[in-house]
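Please read the structure below before turning to the comments.
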Amino acid sequence: MADQMQRNAQAHVELDPDHEDLIVRSCNRLIRHAVRVMSLFMVVVIGFAVIDAGYSFYIKLVSPPVLILDVSDLLEVFAAALVVLIAIEIYTNVTLYLTADIIHVKLVVATALMAVARKVITLDTTDLEPLYFVGYSGLGLAFGVTYWLLWRGK
């Protein structure tokens, strides 16, 4: 009974590997191992994304006219670099499931905001209807306000 009271006094732990119920404990441990595998997977994805970003930049530099990048070339290189940054943010989200007692909503919202920003930065506006701009504006505003509220409420 004293052990149970001490457990209740501790902070809530997501995916508690020492949960009192055998089935929940087993499932939590299995999920924690799956998260470890996902973190390794994300490291591989980040590695390939870095290689791809470097290769994209190299190809753009050596394509005629050599060492000159136009706006579309820059947007492709930026898109590749931003994909790397988003992948790193996702990796951070995945590892937080193992290392923190709570899910960091602020980091998840920041990742979503970065993904929307990446899409807006690299958006090809030639064939889009106005509602797309309204939609992306709404997403950016919603995530931005949410992030600001979370930052303000720390």
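Residues take their numbers from the sequence shown, with the count starting at 1.
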TODO: Please report the C-alpha distance between Ser137 and Leu141 in whole Å, then the side-chain angles of each, then the deciding distance to 0.1 Å, and finally whether the side chain to side chain contact (heavy atoms under 4.5 Å, CB included) criterion is met.
DONE: CA-CA 6 Å; Ser137 299; Leu141 183 63; over 6 Å; no
Task: Tyr132 atom OH, over 12 foreign heavy atoms within 6.0 Å - done: no
Open item on the list: Ignoring hydrogens, what is the shortest heavy-atom contact between Ala81 and Ala53? Give both atom names and the distance.
Closed with: N-CB, 4.3 Å
- [ ] Identify whether Phe78 and Val84 are in the same connected component of the hydrophobic contact network (ILVMFWY, side-chain heavy atoms under 4.5 Å).
- [x] no
Task: Worked check of side chain to side chain contact (heavy atoms under 4.5 Å, CB included) between Leu69 and Leu61 - done: CA-CA 7 Å; Leu69 300 174; Leu61 282 178; 4.2 Å; yes
Open item on the list: Taking transitive links into account, so neighbours of neighbours count too, which hydrophobic residues share a cluster with Ile59 at under 4.5 Å side-chain distance?
Closed with: Tyr55, Tyr58, Val62
Task: Partner set under salt bridge (Lys or Arg N to Asp or Glu O under 4.0 Å) for Arg29, not counting sequence neighbours - done: Asp18
Open item on the list: For the CZ atom of Arg118 and the CG atom of Leu113, what is their distance to the nearest 0.5 Å?
Closed with: 14.0 Å
Task: By salt bridge (Lys or Arg N to Asp or Glu O under 4.0 Å) - contacts of Asp52 (at least two apart) - done: none
TODO: Any chance you could measure Leu74, atom CG, to Glu76, atom CD, to the nearest 0.5 Å?
DONE: 10.0 Å
- [ ] Name all residues meeting the side chain to side chain contact (heavy atoms under 4.5 Å, CB included) criterion together with Ile68; count only those two or more places apart in sequence or in a different chain, and write none if there are none.
- [x] Pro65
TODO: Could you pull out all residues at least two apart from Asp127 that satisfy side-chain hydrogen bond (donor to acceptor under 3.5 Å, both in side chains)?
DONE: none
Open item on the list: Is there a continuous path of hydrophobic side-chain contacts, each under 4.5 Å between heavy atoms, that joins Val116 to Leu150?
Closed with: yes
Task: Pairwise side-chain contact, Pro130 with Val134, heavy-atom cut-off 4.5 Å (strictly under) - done: no
TODO: Would you mind listing the cluster partners of Val44? Hydrophobic ones only (ILVMFWY), side-chain contacts under 4.5 Å, chaining allowed.
DONE: Phe48
- [ ] Could you grab the distance from atom CG of Asp21 to atom SG of Cys27, nearest 0.5 Å is fine?
- [x] 9.0 Å
Open item on the list: If hydrophobic residues (ILVMFWY) are linked whenever their side-chain heavy atoms come closer than 4.5 Å, directly or via other members, who joins Leu40 in its cluster?
Closed with: none
Open item on the list: Just verifying a value: how many Å separate Lys119 NZ and Ile86 CD1, rounded to the nearest 0.5 Å?
Closed with: 11.0 Å
Task: Listed partners of Thr111 passing side-chain hydrogen bond (donor to acceptor under 3.5 Å, both in side chains), at least two apart - done: Asn93
TODO: Could you state whether Val120 and Val83 fall into the same hydrophobic cluster, counting links through intermediate Ile, Leu, Val, Met, Phe, Trp or Tyr residues with side-chain heavy atoms under 4.5 angstrom apart?
DONE: no
Open item on the list: Taking side chain to side chain contact (heavy atoms under 4.5 Å, CB included) as the definition, give me every residue that meets it alongside Ala87, ordered by chain and number, with sequence neighbours left out.
Closed with: Met42, Ile46
TODO: Please list, chain by chain and in numerical order, all residues satisfying side-chain hydrogen bond (donor to acceptor under 3.5 Å, both in side chains) with Glu89, sequence neighbours excluded.
DONE: none
- [ ] Over all heavy atoms of both residues, which pair between Tyr91 and Val43 is shortest? Give the atoms and the distance, please.
- [x] CE1-CG2, 3.7 Å
Task: With Val77 via side chain to side chain contact (heavy atoms under 4.5 Å, CB included) - residues at least two apart - done: Phe57, Lys60
Task: Rounded distance [0.5 Å steps], CE in Met114 versus CD1 in Ile88 - done: 9.0 Å
TODO: To the nearest 0.5 Å, tell me how far Ile90 CD1 sits from Leu85 CG.
DONE: 11.5 Å
Open item on the list: When you group the ILVMFWY residues by side-chain heavy-atom contacts below 4.5 Å and let the links chain together, are Leu30 and Val35 in the same group?
Closed with: no
Task: Residues clustering with Val24 (ILVMFWY side chains joined when closer than 4.5 Å, directly or via others) - done: none
